[in-house]
Amino acid sequence: MPELPEVETIARGLATRVVGDVIESVWLGSKPEPLKSPAAEIVSALESKNILDVRRVGKHIVFDLAPASGAQANKKPDAQWIVHLGMTGSLLVCAPQTELAKHTHAIVRLASGRELRFVDPRRFGRLSINEKFEAPGAEPLDVSLEKFTALFRGRKTPIKSALLNQKLLSGVGNIYADEALFRAGIRPRRRAASLTRDELRRLHLSLKRVLKQAIRLGGSSISDYVDANGEEGFFQLKHRVYGREGKPCLVCKGPIKRIVIAGRSSHYCPKCQQ
DNA sequence: ACTATTTCCTGGATGC
DNA sequence: TGCATCCAGGAAATAG
């Protein structure tokens, strides 16, 4: 399930492979769910466009596009293709003769002869067109301690829920919320507004550290996640609480607990997190 | 204005 | 072996 580090890894991998390429044509499947923009709008925004850049914004992958005709230099994007991978979405660069995976919802044919395919079994992913996409919340890797602190002021919701709220921070998902809270020594059910200045400082630091470490390791490969090159990440080997219910805490040896907060499984150490 | 809950969707795991 | 049931979860929709 791609969160910030996985999406960052995928976007970087895609950038090295498709930036500078030109989109010749687009095929969209008949399933309407993955399309947030009308199919015709997506097709016309993509076709005959040069891919200027591929980057991550929150959990979204943004393709900056400009008309393929005209001078290459100093091109400015005139449209953005936004891909959200949801739970099970993937973007694969492959040869046209590569067998079509089940649940392929979009195929983008490139001038280089390759194809960029969007595959998503569970169909939680979304495709859309934007002029200038902006994440609804703060970027977790850039946010200052002051702004981070202000996000949670007056919020009665559990800190775990607040971390997952994309309008506050864009990019944090279930794995990294649990891991950051463990590293900061804070229980997931704590009311966001109840966190002390010192706890907020620790959480701010832990969240950035855990996200950066995960990016360095290519993300967490659980379920069927692989990056744009089909390679697995290794951060799952560094999980200290996520998916470790009943297993000994790596710090105190006590059993890791799993509870449900806002319908999401949440893992923590009752002794190390207060 | 917030917060909590439900819904979407499929494949893999589990249980009888 | 087969079939039913449960569970995973990001984000939008709905309810409180």
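Predicted, not measured: the structure shown is a model, and the values here were computed from it. All chains are named by letter (A, B, ...) in the order of the sequence lines, taking the proteins before the strands, and each is independently numbered beginning at 1.
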**Student:** Starting from P on C/dG9, measure out to CG on A/L85 and report it in whole angstrom.
**Tutor:** 17 Å

**Student:** Specify the separation, in whole Å, of atom NE2 of A/H60 and atom P of C/dG10.
**Tutor:** 12 Å

**Student:** Regarding A/R123 and A/D120, does a basic nitrogen lie under 4.0 Å from an acidic carboxylate oxygen?
**Tutor:** no

**Student:** Does the side chain of A/F152 reach to within under 4.5 Å of the side chain of A/L195, using non-hydrogen atoms?
**Tutor:** no

**Student:** What's the CE-P distance between A/M87 and B/dG11, to the nearest Å?
**Tutor:** 13 Å

**Student:** Rounded to whole Å, how long is the line connecting atom CD1 of A/I261 with atom P of C/dG10?
**Tutor:** 13 Å

**Student:** For the pair made of CG in A/D120 and P in B/dG11, what is the distance, rounded to whole Å?
**Tutor:** 11 Å

**Student:** Quiz question: going by heavy-atom distance under 3.5 Å, is there a donor-acceptor pair between the base of B/dG11 and the side chain of A/R122?
**Tutor:** no

**Student:** Both A/R264 and A/K156 contact DNA chain B. Which one's nearest nucleotide lies toward the 5' end?
**Tutor:** A/K156

**Student:** For the pair A/E179 and A/R209, find out whether any cationic side-chain nitrogen is under 4.0 Å from an anionic carboxylate oxygen.
**Tutor:** no

**Student:** Side chain of A/R191, heavy atoms from C-beta onward: which of B/dC2, B/dA4, B/dT10 has the nearest atom to it?
**Tutor:** B/dA4

**Student:** May I ask you to say what A/P136 touches in the nucleic acid, namely base, sugar-phosphate or nothing, with a heavy-atom cut-off under 4.0 Å?
**Tutor:** nothing

**Student:** Does A/K167 reach a base, just sugar-phosphate, or nothing at all? Heavy atoms under 4.0 Å.
**Tutor:** nothing

**Student:** Is A/F124 stacked on the base of C/dG9 when the test is centres under 5.5 angstrom and planes under 30 degrees?
**Tutor:** yes

**Student:** Applying a 4.0 Å non-hydrogen cut-off, can you work out what A/S161 is touching in the nucleic acid: base, sugar-phosphate, or nothing?
**Tutor:** nothing

**Student:** Heavy atoms from C-beta onward define the side chain here; which of B/dA4, C/dA11, B/dT10 lies closest to that of A/P158?
**Tutor:** B/dA4

**Student:** Looking for any heavy atom pair under 4.0 Å, which part of the strands does A/R258 touch: base, sugar-phosphate only, or nothing?
**Tutor:** sugar-phosphate

**Student:** Please tell me if A/Y176 has a side-chain N or O lying less than 4.0 Å from either OP1 or OP2 of C/dG9.
**Tutor:** no

